[in-house]
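For reference, the structure discussed in these notes is given below.
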Amino acid sequence: MSSFSLEFDLDNRACITISHHTPDVIFYLEKYFKDVGIKTWIDDMAEECPRADFKSCRMHVVVFTPVFLESGIFFKRLLTIRRNQELLNKTVVAVFCGLSEEQLREQVRPDSELWTRTAWILDSATAIAEVASISDFGNKLRSRKAHLSLSMLNDESFDDLPHHQVGLPRRVRELLKILRRRYILLDDTIIVGIWGAKGIGKTTIVKAFYDRIGGYFEGKSFLSYNRKVYGEENAGVSLMKQLIFDISETELNETNVVVMHEHMKEVLYQRRVLVVLDGVNSELELQKVCKNVKKCCGKGSLIFITSLGDVRFKYLRANIIYEMKRLNSEESLELFCLHAFKQFNPKIGFRDFSKRVIEYCEGLLLALEVFGSLLHKKTEKYWKRIVNKLEAIPHGVIQNKLKISVDSLTNTEKDLFFNIACFYVGQSEHYVTQLLRSSTLHVEMGMSSLIAHNLVKVMNDKLYVHDLLQEIGRKIIQKSKPKPKYSYDVFLSFRGDDTRRSFTSHLCAALKQASIEVYMDEERIERGEIISSSLLEAIESSRISIIIFSKNYADSSWCLQELDKIMECYKATSQEVLPIFFDVRPFEVRKQQNAFGKAWERLIKRTSISKRKKLTINLKRALVEVANLSGWDMHNHRTETELIDEVIETVTKKLGNNTCLFVAHHPVGLKSRMQDILQLLQSKSRDVIIAGVWGMGGIGKTTIAKAIYNEVGQNFEGKCFLTNVREAWKQENGHVHLQEQLLSDILKSRRMAIPNIEMGKTLLRQKLSKKRVIVVLDDVNNENQLNALCGSREWFGHGSRIIITTRDEHLLKILRVIHVYTMKELDDNESLELFSWHAFKQAVPEQDFAELSRRLVSYSGGLPLALEILGSYLFDREILIWESVLEKLQQIPNHQIHEILKINYDGLSDNTEKEIFLDICCFFVGKDKNYVMQILNGCGFYADIGIKRLIELSLVRVCYKNKLEMHNLLRDMGREIIREQSPKKPEKRTRLWSYDDVLDVLITESGTRSIEGLALNMLRNNSSSLRVDMFKKMKMLRLLQLVNVHLTGDYDYLSTNLRWLSWREFPLENMPMNFNLEKIVAIDLKWSNLVKVWKKSQLLEELKCINLSHSHYLTETPNFSNIPHLEKLILKDCPRLSIIHPSIGDLKCILLLNLKNCRSLNHLPRNVYKLKSLKTLIVCGCSKIDKLEEDIGQMESLTTLDATQTAIAQVPFSLVRLKSIKLLSICGYEGSPREVFPCLVLSWMSPTHRSKSLSRAFRIFPSLIRGISYPLFSRRYEIANDRPSTSQASCQNTPAVLEFQEQVNMKRLETLMTSLTIQAGWFNKTMDTLLKSISKVFLFIFYFYHIYIIFSNICRIPFCFAYVCLNSYQVNAFLELKAQ
């Protein structure tokens, strides 16, 4: 028997599974499968079925051989395959090898079990006809493969092509027709070349094929060429690395072409793959990569190549060469009319014009779209003018034609287009609009015009500009940038003939590699005696001069003039001089001796007598001075490399102060906040430590990161501060530029070109894994940035430190950052000091401005950004201006602060998160988080994840008692976003909270459907009369918050969409029956005048929370039968409440019942004890409640019980046994059960109590102890049962004890417990009897005293000693007491 399975899985995991017992079958099957390019997997026919492999296969082929009846495993495997077919809808095919179907049926009786196992296969419609021999099987597999290939290239797979792209479906059908014919006939790798003009749609068509048929292959890779790839020496290696990674997810660091080719052969061997090489314009790289791919991959593979011309495909002998032709006249007319007339045909009178424009567009899609949009709704005169301009431009110069559309724009529109084309392609439309609004007038109108002209397109809120249009924009906007004044870190003075090609060149290269700017005269052709002015300027603009003394240094007048100038600068400025004595000694320079002296003498001889004296005096002094400076003597170093390393280290340290980042003009409060992070980073741990700095915008994350970087940066082998990653990432190739900067800064080398982001990851891991570095990633805002710049800790060497500043805490969790520092606002004193430095240029405010300064500091909420902006703005302004600014800030926040804080809001992933943020800003600051989530979930906002995201982004925080809080400036930012919806007309805003705006909308009855939330706190002295019908136009009102508001009229006018009603001091005695609350989630009517909530109950299926606290006239609760999903019922301080409706027992979801200070409540109805879901019960202050029923034991979810300040004197025994209780407050005791219950027992020992029945009390005592101690000792009992102590064993072996325990009837004891109180007097008498009875073992009391101490410390139960004695040694005492 043999069975195998085929699968063509979308994830390319599948293959063939073969199981059998005949070796020759293995050989032939593997051979034929490999011939058709299908991978095989051998099943060893083990007893255990390989479930994962079987489930991952789409098709099973069962091969029957003549010996199939001899294998029991075969029939088990048949059952497994059948189960897969039934459960997972697998296809099963039967093949007969060496026997026919009829022969098989003869060997299996129809009534046997074997028949039921095989008949389902034999009768399958998919069974292949009889196979006479195994050698015939390959042809059938090839036919099967051909069938699959045909289905892969079926037209139906491409039905979802976008219809607005005129001409694309036709091209796809043409290429499909060619592919179907060639792909089936050629049993080999197929190369498809697609060529055509730029912008014709080559990439679009290959993406269509890649996305739709990629899943039919065992691997796929889309290799996109760009300019960087062409410029790379090892471009072929880079592409092969990406190809290997895409197919096998294996990353390689190899750079050798031959080795990479071997790796590629291993990965692609016999694999059926799909590869796209897009935008190839280099024959050399095309031949290298494509030929290698074709040689390595398996049969049936497909390779697509796109290029500008077809010549390159001839070198490759491409099987299919397809030209992307321009649109024909009919297609061009259709596309043009869609944009010019919004219909398929031209309007009357414009047909001739349309045909002429189409002719000039040369069938290019982009030109047709642009000119169609340009001429939309234009006059005939305008059409003539555009046609005349097109006629003047030669055929083929398409950019000049497209420029006509750009020239037709207004100046503002042009500026906007140039900005987008050069800087903002691929960025958010909303972000760009906000960014340019301050600098460009009418941005929204300009953006709309550009989109209407098809110069700019918006897809998924991203701006796109065609590459031809981008080139036009960049050519126009390109401006020459002025060269900055260059300054050098190091100037090298040397004798060219001695050291230029050896030591000096090596030192210069090392300095440059360390990112040190070096001036070295490369040519150094000394003409004449006077040194060039450029050298003198270079010396003056260098901070450090390194003089390399060699044997012939003094022979050069240029060198000595350099030396003289260097020493002049050394004396006059802070320039440092570092001498290196290469092949001479310091004393030889100082005294001009030996070889150095001979060189000096040669110079003197060449000098004229008139200049000799002055030269000798000045230069000798310079030589002496420089020789006395601290430097390096080559003779003290073993090698040049060792000396150069030491020089680099010294220079780097001396330049360290210059490379420090600017932190802040006034770093108030910075030092104290640095200590926690510094202590962590300066630890000697060899682990790679990643520290996160998290906080809201403007709180100082970047500032503290810079300060830390400056403080510890010099202690690492390499360092890099990537500032403003958020913005840099958005730039063109920003992700690659950041990787290049990271490598360049750490390796101290020139920036290397990285072809793509994946190659950058490989290089980072390869280059930095052995270096101890410090890296700061500033303002990270998405996961891709982390993956590209800091993929894992393994990328960096031992002891490295990574600092990440972000507004999004979730990003730190993704990277598993353990050490997260949460930025805190400045305190009042720090805030006042920072504000004063900016407003008054001193540490304290001027006396006349002190009070105003404190008010502004209070408004800023300790946010450094706000303090700096407001302080700088108010510097040197009059008091009247200060007061005006303060008044304005109450209504409209500062624009600079608003825009910076708004970045996080703009970064929220969807509208629901933004809606949640705005709701919290206006209504829910200070509210319980769970309460708010209930309400917003009722609005359909998915508040659980939404609020979590807001917390992670520092927009909201959860503070004491689970309350939602946010910074005042963030709240004002959110409210300003709402105000900007309609600055002049508040009725068109979505939320109203301002007292004046709300009154204006209500009194003028100008409410609209836009209003979703409204809050009004009516002033006490306001006598305005408000009517309900003022709300009638607010049909979409979800959230209504009223305080001290009296409404008259029909409540039917209020919105039926209300989810939250908060009405403090509700004026009516009953809720109106026509007040439709069918969608309400939470009702908050604190301080209301309600007597009875509803005269007739309403069906409120969505209602989760009712809060009627402080309703002093409320006498009874509502009927709960129509509120099935109520979770919280809060009735605090309702002094007249005396009736709880019996239907409360029907609440299946109730979690909280708060009856605090309901002083008229006599008892809890028994139905309350049926609330199995209730977790918190509060009856504190209910002074008339004198007992809790035994039924409380039914409340299996109860975790918190507060019954203080009640008349309860007895505790139900069932409460003692309730395992769920975590917090208990009763009879004056509060704490956990293990703390409260022993205290209760001690209180029962009071001598003032008397017993009715001593023997009855004693009989129940052991059971009481067991009942109390069970939840406390259950864990210890389990351990003790596994390892019984000696005393326990003696008890178990004592028949008297067993007999005694059997006679204790637990049910009777529980009944007695309801009326029994063990009191101290009884207990004392019991203990006296007990101690008399155990006189024989009095000597052991000391031993048990120690046991008592141990148990008391562990469990805090004072009577453990008595209980241990009772159960361990006092058997005789038990019998004696029992007899009494």
Side-chain angles (χ1 to χ4, degrees), residues 1139-1148 1150-1155 1158 1161-1180 1182-1244 1249 1251-1253 1256-1274 1304-1319 1322:
I1139 302 173
I1140 297 178
H1141 199 279
S1143 60
I1144 193 171
D1146 298 331
L1147 297 175
K1148 305 300 183 186
I1150 189 75
L1151 302 174
L1152 168 66
L1153 176 57
N1154 191 340
L1155 300 169
C1158 293
L1161 198 60
N1162 294 322
H1163 66 282
L1164 294 178
R1166 282 191 174 270
N1167 286 351
V1168 169
Y1169 301 113
K1170 295 180 180 179
L1171 301 176
K1172 294 188 176 182
S1173 63
L1174 188 69
K1175 292 186 176 181
T1176 303
L1177 174 61
I1178 301 175
V1179 292
C1180 171
C1182 298
S1183 54
K1184 292 186 178 181
I1185 295 180
D1186 58 358
K1187 69 175 181 177
L1188 297 174
E1189 303 293 343
E1190 281 294 328
D1191 295 342
I1192 197 171
Q1194 301 176 32
M1195 304 174 78
E1196 55 191 33
S1197 300
L1198 190 65
T1199 59
T1200 303
L1201 172 62
D1202 186 353
T1204 55
Q1205 301 178 26
T1206 61
I1208 297 173
Q1210 293 182 340
V1211 178
F1213 180 70
S1214 57
L1215 179 63
V1216 176
R1217 299 200 307 161
L1218 202 58
K1219 299 178 183 179
S1220 60
I1221 286 284
K1222 299 292 188 299
L1223 182 62
L1224 183 62
S1225 299
I1226 193 168
C1227 298
Y1229 299 100
E1230 182 176 355
S1232 64
R1234 62 188 299 169
E1235 296 170 334
V1236 173
F1237 287 145
C1239 293
L1240 287 174
V1241 173
L1242 285 175
S1243 70
W1244 297 339
H1249 294 84
S1251 173
K1252 293 182 181 179
S1253 172
R1256 186 179 177 195
F1258 188 79
R1259 284 179 62 194
I1260 201 166
F1261 181 70
S1263 299
L1264 174 65
I1265 299 300
R1266 284 194 294 273
I1268 293 174
S1269 62
Y1270 177 78
L1272 308 177
F1273 291 102
S1274 57
V1304 176
N1305 188 319
M1306 288 302 299
K1307 292 185 178 180
R1308 289 184 58 203
L1309 293 178
E1310 291 174 6
T1311 304
L1312 289 172
M1313 195 59 194
T1314 62
S1315 60
L1316 176 65
T1317 304
I1318 297 182
Q1319 299 164 350
W1322 316 340

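Excluded from the calculations below are hydrogen atoms, water molecules and symmetry mates; all remaining heavy atoms, backbone and side chain alike, are included. Count residues from 1 along the sequence.
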Fill in the blank from the handout: Looking only at heavy atoms, the pair that brings Leu1161 and Ile1139 closest together is CD1-N, 4.3 Å

Handout entry: Between Thr1204 and Asp1202, a side-chain donor and acceptor under 3.5 Å
Key = yes

Problem - Non-neighbouring partners of Lys1170 that pass side chain to side chain contact (heavy atoms under 4.5 Å, CB included), sequence neighbours left out - result: Asn1167, Gln1194

Handout entry: Donor-acceptor contact present, side-chain Lys1222 to main-chain Ser1220, <3.5 Å
Key = yes

Exercise for the section: Go through the structure and list residues passing side chain to side chain donor-acceptor pair (under 3.5 Å) with Ser1143, not counting sequence neighbours. Expected result: Asn1119, His1141

Handout entry: Sidechain-backbone polar pair: Ser1197 side chain, Lys1172 backbone, donor-acceptor under 3.5 Å
Key = yes

Exercise for the section: Please confirm whether the backbone N or O of Lys1148 pairs with a side-chain atom of Ser1173, one donor and one acceptor, at under 3.5 Å? Expected result: yes

Problem - Atom of Ile1208, atom of Lys1187 and distance for their closest heavy-atom approach - result: CG1-N, 3.7 Å

Exercise for the section: Indicate the atoms forming the closest heavy-atom contact of Pro1212 with Leu1188, along with that distance. Expected result: CG-O, 3.1 Å

Completion exercise
One should read off an interatomic distance between Ile1150 CD1 and Ile1144 CD1, to the nearest 0.5 angstrom, of 6.5 Å

Problem - Atom pair CG/SG of Asn1154 and Cys1180 - distance to nearest 0.5 Å - result: 9.0 Å

Completion exercise
Contacts of Asp1186 meeting side chain to side chain donor-acceptor pair (under 3.5 Å) (sequence neighbours excluded), chain-then-number -> none

Exercise for the section: Give a yes or no answer on whether the side chain of Tyr1169 reaches the backbone of Glu1189 with a donor-acceptor pair at less than 3.5 Å. Expected result: yes

Problem - Rounded distance [0.5 Å steps], OG1 in Thr1176 versus CG in Leu1223 - result: 9.0 Å

Fill in the blank from the handout: Tested for side chain to side chain contact (heavy atoms under 4.5 Å, CB included) against Leu1218, the lone hit among Leu1198, Leu1201, Thr1199 is Leu1198

Practice task
Rounded to the nearest 0.5 Å, what's the gap from CG on Leu1171 to CE on Met1195? Could you check?
Solution key: 5.5 Å

Problem - Ser1214 (side chain) donor-acceptor with Glu1190 (main chain) under 3.5 angstrom - result: yes

